[in-house]
Trainee: 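Structure in C-alpha cells, see below.
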Protein chains: 2
Amino acid sequence: MARKATLYDVAELAGVSIATVSFAFTKPDRVKSDTLAAVMAAADQLGYVPSAAARGLARGRTGAIGLYAFDYLLDSDATDEQATDMPTARLFPLYADEVQRGVQVECRRRGYALMIGGTRAAPHLSQVIDVAGRVDGLIAFAGAVGETALKQVSGRIPVVELGGEVRVDGVRTIYVDNRQGMADLTSHLVTVHGHRRFGYLGELGTPEFRQRFDGFTATLRDAGLPVPPVTRSHPGDDPTAAAAVRGFLERGDLPDVLVCDTDQSALAAIDALRAEGLTVPGDVAVTGFDGIVAGELLSPALTTVRQPMEAIGRLAVRILVDTLAGVPDAHVHEPLRSVLVVGGTCGCPPPAGT
Amino acid sequence: MARKATLYDVAELAGVSIATVSFAFTKPDRVKSDTLAAVMAAADQLGYVPSAAARGLARGRTGAIGLYAFDYLLDSDATDEQATDMPTARLFPLYADEVQRGVQVECRRRGYALMIGGTRAAPHLSQVIDVAGRVDGLIAFAGAVGETALKQVSGRIPVVELGGEVRVDGVRTIYVDNRQGMADLTSHLVTVHGHRRFGYLGELGTPEFRQRFDGFTATLRDAGLPVPPVTRSHPGDDPTAAAAVRGFLERGDLPDVLVCDTDQSALAAIDALRAEGLTVPGDVAVTGFDGIVAGELLSPALTTVRQPMEAIGRLAVRILVDTLAGVPDAHVHEPLRSVLVVGGTCGCPPPAGT
DNA sequence: GCGCGAAATCTAAGCGCTTAACATTCGCCC
DNA sequence: GGGCGAATGTTAAGCGCTTAGATTTCGCGC
C-alpha cells in the first residue's frame, strides 16, 4: 500500500498547478482537453483517490446523508460469527430495515452517499453527533435521538424525523396515516369477524403509536363497543408481550382478538399464546401493524396494516435534498397511506394455495 | 439554522485555546476537570458539532468503513414514491441486503460508521472512488468494482471482496464453501428424489458461481449421471430465466429438476414455469442457492443452500478493522459453511403446518 | 522563599482540497 | 502589428481540527 497520492503529486507529475488538477476533476470544461488528459493520465498512474475529508472541509458540504436508527433486533452476540443464521428466528427485515432500503435507493438515485449510524442502547448524545458531523442532512427514527441532541443537530443541518411529530424547530417529519389504517383494521375485525371483546397490546410513547390507538378506539366507539385499556408491550421486548399474555390468562380475561400496535409485538404475542397451548386465530385472533416480512412468513400470515416503508425512506431523502437545495417548503406532503393487509391471524381463511 | 459553531467559537467562549477544546473532546484526562466542564458547557451552549471532515483530514483516518454493492433489485421508478410497496413482488431482502445487515451490526459494535455506496449499472470508476475517498477500508461485492478501480482503491486502503477470489494484490476475500453446499444439495436430489435428468440455470462469471457448478458436476459425475450444460441466466434478469424455460419446453427437453445458481434465478424460473402452466415441484423440481427470504415465502418453500450472510458481513468488517489495527494475517480464516435447506420445491413434502 | 519535575495549556504547523482573484495565452479583427 | 476578450492557468487564502513541541502553572520538599 504505497503512500497515498495527493493533488500535489498529481500536479507535479502532470506538470501543472494543483488548482488545475482540481478543476480537471470538478469542472472539466475549465481545462483544455490536452491538459485534462495529461492530468487524468497522471492521476491514473499514481492511483490518485481524492480525499473526501479534505474536499468536504474545503467545500463545506460532504455530499452525504445520514441515517440514524436504533435496532429493535438484538444484535447477535459477539462470538457467533461462524454460526449459520437461523432460518427460523428470522425477524430481519424489520420496519426500520425496509425504510432504510428506501433511503438507500433514493440516495443512490440522487448521488448522495449514505452514512449509517445507530445504537441499540440509549442514544448517547455523542454518537448522533458523530454521524451528524459527517453529513449534510440527517434522517432519524423517532425516539432514536433524544431531544437535546436533536436540537443540537438540527441547528446545524436539516433533520427529518420518521414517525414523530414536530418537537423541535426545524425538524421535519414524515406523515403516515396511522390512524386510518388502524381504523380500517379494527373495522374489519368488527364487521367481518364480529369480534366484540378486544385487547390492545402496545404503547403510547410516540405520536404514531398514539395515532394507531386513536384509530382503534374511535372505531370501537363508533361500533358501540367498549374500549380496552392498553396492555403495555414494547416492540423487541418479547418478555413484556409474554407477560401480557399471561396476564390475560391469569385474569381469565382473554379477548376475542388482540390488536397489537406493531407486527413485532404481535409476533411475540402469538409465540406466547402458542406456548401456552392456545391457537391463533382459533382461540384468539391477533393483528399487527407495519407489514414486516416476518408477518408474511408466519403461518397463517399475520393480518396487519402495511406502511409504505420504502416510500417513507425515499420521501425523507427527497425532503432533505430539496431542503439542502433551498427549495422552500420542501417538507410539505400528503400523509402517506397505510393499507390493511388481511392474512389469516384475524380468522380469515387462508387464500387458495398453490 | 444559525451558522455552525467551530472549535474556535467554543474556545473563545470557554476562554481557552482551541487545542484545549480539542483535547477536552478527545483526551479528557489531559485536561483539568474544571476546564473540561467549562469547555463542555460552552460547547453545549453553542450547539457545537465537530466536523468529521476536518477531523478526518487532520487525523488521516475517517473512522468509517465503506460498503460497495450493485443492486440486483431494479430500483423502482422515480415516480412511485406514493405507491404502496407491493406485498406480492417482495424480493427484498436479497443476499446483499442480508450481508449488509451483518456489516452494519459489526460496524456498530466496533464503533465505525458505515458508508454505503453502489450502483445498479456499470460500476463506473468514479463512484467507487467516491466512497473509497471517504473511508478507512472498503468492502465490495465481487463484480461490483472493476479490476482497475479495485487496484486503484486497494493501493490506498484495505479492501475486502465478497464472493470473489484474490485478483489484485492486497485485496482480501471472504471464503464460503459454495462447492460443498451445492454438492450436498445435488446429492439430496439424486439420493432422496432419484432425479436423473438435471438442468442447470445460472452463470459462471464469478469464482463462487464456478464453485457451485463444480459441486454440482462433481456430484453428478460421482453418481454416474450426465452433466448438463449451463443454461445462462443472470440473477435479477428474469427474462433470461423465462427464455431458458421456454427453451427447454421448445426442445421438449424438460429436466426432472432445474438446479439454479441463485435463489433469484430459481424464483424467476419458477414464475416462468408456472406461467407456462407447469407445476413445481410436480412437473419440474427447482432449487436455488443463497437462502433469501423470498424463497421461504414461496409456496412451497424453495429448497436451497443457505449462505451465512450475516456472518459474511461481520467477518468482512472484522478483517478490515484488524487490518487497520495492524494485525498481521487478519484475513486468514476458515471458509464459512453453507448449509442445505430443504423446502418443498425439490419434491419433499411440506412440513406439518400449524 | 526557591527550585524542580509534572501537569496543564498554548502556539503553530500542517492535513488535502476548493475557489476567488489575478496572471497568461490565444485567436481574431482592424 | 497591436489590441481585446475569452479561454486557461496559477497563486494563495482558507476550511476546522489534531498534535508535536514550547511555555506556563502547580504542588512540594527543603
Side-chain angles (χ1 to χ4, degrees), chain A residues 2-40 42-43 46-64 126 129-130 132-136 156-157, chain B residues 2-40 42-43 46-64 126 129-130 132-136 156-157:
Chain A
R3 235 26 276 153
K4 50 211 178 177
T6 72
L7 213 46
Y8 293 87
D9 304 318
V10 177
E12 188 177 344
L13 181 57
V16 296
S17 77
I18 59 162
T20 301
V21 177
S22 178
F23 284 135
F25 279 101
T26 54
K27 306 181 162 56
D29 11 302
R30 251 172 101 359
V31 159
K32 210 185 347 175
S33 64
D34 300 8
T35 319
L36 212 185
V39 169
M40 290 312 184
L46 283 94
Y48 172 64
V49 175
S51 149
R55 183 170 285 182
L57 222 208
R59 284 216 265 247
R61 301 177 307 96
T62 66
S126 65
I129 296 299
D130 180 52
R134 301 168 180 275
V135 300
D136 294 335
R156 226 194 182 251
I157 55 176
Chain B
R3 235 26 278 153
K4 49 212 180 173
T6 73
L7 212 46
Y8 293 89
D9 304 316
V10 177
E12 189 178 343
L13 181 57
V16 298
S17 77
I18 59 163
T20 301
V21 177
S22 178
F23 284 136
F25 280 101
T26 56
K27 308 182 161 56
D29 12 300
R30 256 170 99 358
V31 160
K32 213 189 336 178
S33 64
D34 301 8
T35 320
L36 213 185
V39 169
M40 290 312 183
L46 289 131
Y48 171 63
V49 175
S51 150
R55 183 169 284 183
L57 220 209
R59 285 217 264 246
R61 300 177 309 96
T62 66
S126 64
I129 298 299
D130 180 52
R134 301 169 180 275
V135 301
D136 294 335
R156 229 196 181 250
I157 55 176

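Just so it is clear: chains get the letters A, B, ... in the order the sequence lines come, proteins before strands, and each one is counted from 1.
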Trainee: Establish, yes or no, whether a centroid distance under 6.0 Å links the rings of F25(B) and Y48(B).
Mentor: yes

Trainee: Please assess D136(A) against I157(A) for the test side chain to side chain contact (heavy atoms under 4.5 Å, CB included), listing each intermediate value before the final yes or no.
Mentor: CA-CA 6 Å; D136(A) 294 335; I157(A) 55 176; 5.7 Å; no

Trainee: Keeping R156(A) on the side-chain end and V49(B) on the backbone end, is there a donor-acceptor pair under 3.5 Å?
Mentor: yes

Trainee: Let's see if you get this right: which residues in residues 13-26 of chain B place a heavy atom under 4.0 Å from DNA chain C?
Mentor: V16(B), S17(B), A19(B), T20(B), F23(B)

Trainee: Can you name the nearest heavy-atom pair linking A64(A) to R134(B), along with the distance?
Mentor: CB-NH1, 4.0 Å

Trainee: For dT25(D), does OP1 or OP2 lie under 4.0 Å from any side-chain N or O of K32(B)?
Mentor: no

Trainee: Work out which heavy atom in A14(B) is nearest to a heavy atom in A42(B); give both atom names and the distance.
Mentor: CB-CB, 3.9 Å

Trainee: At a cut-off of 3.5 Å, list every protein nitrogen or oxygen paired with a nitrogen or oxygen from nucleotides 14-16 of chain D, distance to 0.1 Å.
Mentor:
unit_1  : atom_1 : unit_2 : atom_2 : d
dC15(D) : O2     : A58(A) : N      : 3.3
dG16(D) : N2     : A54(B) : O      : 3.3

Trainee: Are P50(B) and L7(B) side-chain neighbours, meaning at least one heavy-atom pair lies under 4.5 Å?
Mentor: no

Trainee: Kindly give the heavy-atom pair with the smallest separation between T35(B) and V16(B), and that separation in Å.
Mentor: CG2-CG1, 3.9 Å

Trainee: Measure CG/D34(B) against P/dA7(C) and give the value in whole Å, please.
Mentor: 17 Å

Trainee: For T20(A), what residues pass the side-chain hydrogen bond (donor to acceptor under 3.5 Å, both in side chains) criterion, not counting sequence neighbours?
Mentor: S17(A)

Trainee: R61(A) CZ to dT19(C) C1': how many Å, rounded?
Mentor: 13 Å

Trainee: Roughly how many Å is it from CZ in R30(B) to P in dC10(C), rounded to a whole number?
Mentor: 12 Å

Trainee: Could you state the CZ-P distance from R134(B) to dC17(C), rounded to the nearest angstrom?
Mentor: 14 Å

Trainee: dA8(C) P sits how many Å from K27(B) NZ, rounded?
Mentor: 15 Å

